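For clarity, every value in this text was computed on a predicted model and none was experimentally measured. Order of the sequence lines sets the chain letters (A, B, ...), proteins ahead of strands, with each chain counted from 1.
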2 protein chains.
Amino acid sequence: MSSRAATRVFQGVEEQIATGQLKDGEKLDEASLAERFHVSRTPVREALLQLVGSGLATQIPKRGCFVKAPSFREMIEMFEVMSELEGMCARLAARRISDEQLATLKAANKGCEEAIQANDSDLYYHKNVEFHECIYTACGNSFLASETRSLRRRLQSFRRLQLRVRGRMPQSFNEHDEIIESIEAGDADKADLVSRQHVMIQGERFNDLLAHMEQPQ
Amino acid sequence: MSSRAATRVFQGVEEQIATGQLKDGEKLDEASLAERFHVSRTPVREALLQLVGSGLATQIPKRGCFVKAPSFREMIEMFEVMSELEGMCARLAARRISDEQLATLKAANKGCEEAIQANDSDLYYHKNVEFHECIYTACGNSFLASETRSLRRRLQSFRRLQLRVRGRMPQSFNEHDEIIESIEAGDADKADLVSRQHVMIQGERFNDLLAHMEQPQ
DNA sequence: GTAGAAATTATCGTATACAAAAATAAGATG
DNA sequence: CATCTTATTTTTGTATACGATAATTTCTAC
């Protein structure tokens with residue numbers, strides 16, 4: 001089906017960690033995974049290496065790999081950094097965005113609006129990613145864009161949960177408006193501030209959500 | 001000698017990329033590397049995967065791995081992000097640092113001073129790392145600390161060059177004083193600003209250095 | 001002589017095999 | 001019965017083997 005077995009295993013394990021099927025500290029046994037994915041140990045080992053690289057697993061020499069789900073504290077820390085990066089992207093975008101990029105950004109936001117009117121949170125999720133992607137591109141720093149994207153991806157599975165929180169979708173959309181306005185006005189400081197808050201609010205929502213769901217560690 | 005063959009290969013190739021023995025775009029042939037490091041292809045492939053993960057190589061499916069030395073533009077971009085992260089660390093440290101951590105920070109700076117008096121740029125390099133490491137720890141966000149450390153490491157080989165630039169060592173040290181003062185005073189905004197500048201100046205110095213050395217691409 | 005096609009070669013991705021180290025189980029000794 | 005020692009088993013890390021795909025070369029046709 002897919003091109004590389006190693007990639008399949010990587011994404012599969014990643015998914016299972018995100019959904020909680022594989023829990024924190026659980027051992028990632030090479031032989032079992034190989035059997036589960038119908039491949040040999042070689043691609044499994046490659047997948048595990050990549051998991052370790054992306055921080056989802058820990059490797060102890062001669063002992064094996066173990067799931068390393070972010071703790072509550074680490075999640076908050078990641079949101080804190082995400083907030084900073086997102087703010088930086090917006091700040092730079094306010095200074096560097098082109099007319100064309102601004103138009104694309106507005107179009108993406110229009111997509112968000114339509115998703116809200118259709119009350120389609122899954123569509124909103126994708127349109128929202130698109131919106132932020134526009135800002136990453138417009139910041140004119142592809143390294144920053146890539147780092148931010150990567151962190152967003154890492155917080156992704158939790159975000160998806162958040163947008164279903166009551167009333168979050170319209171509020172998120174209103175914040176988008178503020179972000180666009182400040183970027184269009186070239187107000188870097190405000191774009192920075194508003195974007196930071198946009199992320200931190202999500203962090204807080206995440207916090208609420210977790211508190212409702214179960215005990216953090 | 002060492003524990004893992006894969007690690008040896010990884011560090012070896014990393015070193016050769018940093019020193020310029022392996023140039024941008026050059027192919028990382030599995031068989032040749034295996035022969036060079038007296039190991040089989042398996043650990044070589046693992047090393048290459050890690051190199052790709054840390055951004056030092058690119059992988060094209062069914063075509064192989066190629067050295068991906070950061071371009072001039074990417075270096076500037078990385079400095080821009082480093083500046084932001086370093087600023088964030090300092091800002092948080094100004095709010096969260098403990099008395100004990102502050103003492104350690106001052107001690108590290110004392111080490112820098114001694115290195116200057118001894119005119120030992122190599123020692124200064126290490127003491128400087130120690131100084132910044134204190135701030136990372138004091139920022140109270142271990143994820144941020146880890147990300148910043150990782151980026152520092154990536155810019156490391158170039159930094160090492162920079163500190164040998166004429167007059168940089170004392171200037172860097174003076175900037176440290178400003179950083180300590182603002183952190184001690186709990187002035188988060190100033191700590192942020194000064195730390196950002198501290199990095200950006202290095203970026204500019206790097207810029208100068210490159211301009212002197214050879215043509216950027 | 002050049003362009004395209006077929007065959008050959010090289011290299012990647014995966015599977016299997018084997019050696020070394022660690023975990024576990026079994027046995028001996030007090 | 002507990003504990004230390006030793007044997008067995010499991011599992012990691014590395015080497016080798018094999019199939020598939022892309023690159024290269026050779027060959028043929030024009």
For the helix from C/dG1-D/dC30 to C/dG30-D/dC1, what is the angle between the axes at its two ends, each from 5 pairs, rounded to 10°? 10°
Could you pull out all residues at least two apart from A/K27 that satisfy salt bridge (Lys or Arg N to Asp or Glu O under 4.0 Å)? none
Can a salt bridge be assigned to the pair B/K23 and B/E26 using a cut-off of 4.0 Å between side-chain N and carboxylate O? no
A/Q21 atom CD, neighbour heavy-atom count above 12 within 6.0 Å: yes
If the condition is salt bridge (Lys or Arg N to Asp or Glu O under 4.0 Å), which residues does A/E15 pass it with, not counting sequence neighbours? none
Parallel under 30°, tilted from 30 to 60°, perpendicular over 60°: which one fits the rings of A/H176 and A/H132? perpendicular
Could you tell me the boundaries of the chain A footprint on DNA chain C, defined by atoms under 4.0 Å from its heavy atoms? C/dG13 to C/dA23
Salt-bridge contact A/E86-A/R152 (side-chain N to carboxylate O under 4.0 Å): yes
Please tell me whether A/Q50 and A/R45 have a donor and an acceptor in their side chains that are separated by less than 3.5 angstrom. no
Can a salt bridge be assigned to the pair A/E46 and A/R41 using a cut-off of 4.0 Å between side-chain N and carboxylate O? no
Kindly list each side-chain donor-acceptor pair under 3.5 angstrom involving residues 137-144 of chain A, sequence neighbours excluded, with atom names and distances?
{"from": "A/T137", "atom 1": "OG1", "to": "A/E133", "atom 2": "O", "distance (Å)": "3.0"}
{"from": "A/N141", "atom 1": "OD1", "to": "A/F143", "atom 2": "N", "distance (Å)": "3.1"}
{"from": "A/N141", "atom 1": "OD1", "to": "A/L144", "atom 2": "N", "distance (Å)": "2.9"}
{"from": "A/N141", "atom 1": "ND2", "to": "B/E77", "atom 2": "O", "distance (Å)": "3.2"}
{"from": "A/N141", "atom 1": "ND2", "to": "B/E80", "atom 2": "OE1", "distance (Å)": "2.7"}
{"from": "A/S142", "atom 1": "OG", "to": "B/E77", "atom 2": "OE1", "distance (Å)": "3.0"}
{"from": "A/S142", "atom 1": "OG", "to": "B/E77", "atom 2": "OE2", "distance (Å)": "3.4"}

Spell out, as yes or no, whether a donor-acceptor pair under 3.5 Å connects the side chain of B/D24 to the backbone of B/A69. yes
I need a per-nucleotide contact map over nucleotides 9-17 of chain D, read 5' to 3'. Cutoff is protein heavy atoms under 4.0 Å; write B for the base, S for backbone only, - otherwise. ---BBBBBB
